[in-house]
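Here the structure comes first, spelled out in structure tokens, and everything after it is commentary.
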Number of protein chains: 2
Amino acid sequence: MAGNTSTPGATVAGRIMAILGAFDDHHPRLPLSDIARRADLPLPTAHRLVGELVRHGALARTDDDYVIGRRLWELGLLAPIASTLRETAAPFLHDIHAATRATVHLAVRDGHQVLYLERMAGRDSVPVVSSVGSVLPLHATGVGKVLLAHAPDDVRRGVLSSLPRVTPYTITQPGRLNEQLKQIRRVGYATTVEEMSLGACSVATPVHRHGQVVAAIGVVVPTLRRDRGGVTAALHVAAQGISRQLGALPPA
Amino acid sequence: MAGNTSTPGATVAGRIMAILGAFDDHHPRLPLSDIARRADLPLPTAHRLVGELVRHGALARTDDDYVIGRRLWELGLLAPIASTLRETAAPFLHDIHAATRATVHLAVRDGHQVLYLERMAGRDSVPVVSSVGSVLPLHATGVGKVLLAHAPDDVRRGVLSSLPRVTPYTITQPGRLNEQLKQIRRVGYATTVEEMSLGACSVATPVHRHGQVVAAIGVVVPTLRRDRGGVTAALHVAAQGISRQLGALPPA
DNA sequence: CGGATGCTTCCGCTCAGTGGAAGAATCGGC
DNA sequence: GCCGATTCTTCCACTGAGCGGAAGCATCCG
């Protein structure tokens with residue numbers, strides 16, 4: 001930046017990212033004044049930078065508002081967090097979905113939370129709260145428990161020190177969850193029973209790469225009382241297939 | 001930008017977008033010197049801006065290279081080009097894929113080309129050249145023909161004035177293709193027979209929103225000689241479902 | 001029509017940004 | 001291990017891109 005600023009030290013890059021950061025799930029479309037307010041920038045500054053971002057395709061103009069532009073979508077597709085795992089896993093996930101008609105997830109651990117990389121659902125699948133790019137608690141989701149079971153000790157300790165209740169069935173006692181995590185490591189899969197969302201149960205298994213658990217895949221079903229073995233087997237087969245292909249890729 | 005520049009008039013925003021533009025499908029990971037070269041920036045400038053982009057999560061550092069960061073992936077998910085159509089269509093597309101096991105596409109017209117918004121393939125689906133975010137010729141793909149059939153006259157004229165051959169079966173005569181487009185508008189679906197890719201045929205139908213064709217969905221199959229009616233019916237049902245839900249959304 | 005709201009433009013000022021040069025770090029061949 | 005090549009990191013005098021309050025314009029709505 002150059003002179004006459006109200007925020008000395010702020011950079012253009014920082015301002016640009018603040019403008020882009022004004023957009024989120026709840027605010028996918030924004031008028032200029034809202035962008036300026038949410039990015040904490042004076043209106044003419046926001047106006048100038050937004051105009052430039054539009055010219056570069058990073059933002060787009062609609063009738064009344066601004067939205068994230070196609071260029072960012074294209075660039076985002078290149079992010080390894082999205083591309084490698086998702087591309088490798090997608091065909092397997094599609095197969096699981098085709099076989100079970102259930103919602104299928106691919107997720108990674110993001111600090112103390114689950115980050116969903118992919119989600120596939122048909123119209124008759126159980127409604128779930130996850131969406132691609134969203135995060136949920138590790139301890140209350142199937143994929144989250146898998147990732148927690150295989151997380152470093154300090155991460156596990158941090159998560160176990162605070163287990164917020166989501167539904168009346170959410171596990172909030174550290175000892176009880178820790179026993180489950182041991183079981184998960186032993187039997188190779190995790191389950192939840194309405195711990196994240198009423199009416200939704202899940203089964204999940206780990207995905208390995210070069211001997212490390214790098215992701216988890218899971219399905220959401222209305223109940224675990226039927227066909228649990230079939231779902232679990234399908235997940236294992238898919239996880240093994242994904243793991244095999246990931247292992248064949250050069251180290252990251 | 002400020003003094004001492006080798007490119008007077010260049011802005012920081014433009015340089016940032018040039019840096020991000022250094023990445024593409026063929027170069028998803030790049031060392032600093034390659035980024036600088038591809039973005040046409042001096043090394044120290046690139047180094048400084050890349051460092052800042054990494055701090056903001058727009059780029060990420062791997063062992064040896066830089067990659068697009070998670071923040072851009074998250075932002076890209078918010079782009080309407082990706083979110084509204086894809087989210088509405090995804091469950092229907094999953095259903096088609098589950099029923100047919102074929103590769104399923106969602107695409108829009110992008111000027112004189114097809115832009116693929118979504119693609120679902122199982123491991124036993126016919127190999128296709130498309131990928132999410134990629135563009136292909138309108139005249140040689142099923143979804144492309146649908147979009148071309150419903151495109152404005154000037155667009156159609158522009159496309160028909162140059163029909164590059166992709167395979168020996170690609171239609172390169174404007175008159176012949178135009179007859180097909182009329183047929184497509186009449187019967188409500190399009191087909192291709194190895195016009196884009198040998199061994200791959202496709203069926204596609206339009207998706208409407210508020211009376212306008214805004215997208216196309218299609219499947220890729222090894223041959224049209226079997227079950228063409230079943231695939232076409234499934235596509236129509238899905239397209240109607242998607243169109244109905246799109247029509248229920250507020251005007252964009 | 002008039003007030004409220006949202007936006008667009010202006011331009012003197014200035015500090016964030018610049019990049020050649022130098023130095024450091026890493027790599028690979030011998 | 002040495003040395004040359006390659007890649008990267010740092011420095012800082014210089015300067016022009018960026019700034020934003022104020023003014024003006026556009027639109028909306030009662």
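Residue numbers begin at 1 in each chain, while the letters A, B, ... track the order of the sequences.
Rounded to an integer number of Å, the gap from CG of B/Asp64 to P of D/dT6 is 18 Å. Taking atom CG of residue B/Asp34 and atom P of nucleotide D/dT6, one finds them 14 Å apart after rounding to whole Å. Rounded to an integer number of Å, the gap from CZ of B/Arg15 to C1' of D/dG18 is 13 Å. C/dC7 atom P lies 8 Å from atom OH of A/Tyr66, rounded to whole Å. If you take CG of A/Leu32 and C1' of C/dC7, they are 7 Å apart, rounded to a whole angstrom. B/Ile35 places its CD1 atom 16 Å from the C1' atom of D/dT6, with the value rounded to the nearest Å. Rounded to a whole Å, the CZ atom of B/Arg37 is 14 Å from the C1' atom of D/dT6. Atom pair B/Leu43:CG and C/dG19:P shows a separation of 11 Å (rounding to whole Å applied).
Here the side chain of A/Val12 is nearest to one of C/dG19, D/dC8, D/dG18, namely D/dG18. Side-chain proximity of B/Pro44 to the nucleotides D/dC8, C/dG20, C/dT18 is greatest for C/dG20. For B/Leu49, whose side chain is taken as the heavy atoms from C-beta onward, the closest listed nucleotide among C/dA21, C/dC7, C/dT18 is C/dT18.
Heavy atoms of A/Leu41 sit nowhere under 4.0 angstrom from any nucleic acid atom. A/Thr45 comes within 4.0 angstrom of a nucleotide base, judged by non-hydrogen atoms across all strands. Counting non-hydrogen atoms under 4.0 angstrom, A/Pro42 reaches the backbone sugars and phosphates but no base.
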Step-by-step side-chain contact (heavy atoms from CB on, under 4.5 Å) determination, A/Phe23 to A/Ile35: CA-CA 8 Å; A/Phe23 298 88; A/Ile35 295 175; 3.7 Å; yes
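Using a 4.0 Å cut-off, some side-chain N or O of B/Thr5 falls inside it from OP1 or OP2 of C/dG19. Contact annotation: A/His47 reaches the phosphate of C/dT8 (side-chain N/O to OP1 or OP2, under 4.0 Å). Distances shorter than 4.0 Å separate some side-chain N or O of B/Arg48 from OP1 or OP2 on C/dT18.
Mapping A/Arg61 and A/Ala13 onto DNA chain C by nearest heavy atom places A/Arg61 closer to the 5' end of the strand.
Ring orientation note: the planes of A/His94 and B/His94 are tilted relative to one another, at an angle of 30° to 60°.
No donor-acceptor distance shorter than 3.5 angstrom exists from the side chain of A/Arg70 to the backbone of B/Ile81, with no hydrogens or angles considered. For the pair B/Thr88 (side chain) and B/Thr84 (backbone), a donor-acceptor distance under 3.5 Å is present. Judged by distance alone, the side chain of B/His105 and the main-chain N or O of B/Ala204 form no donor-acceptor pair under 3.5 Å.
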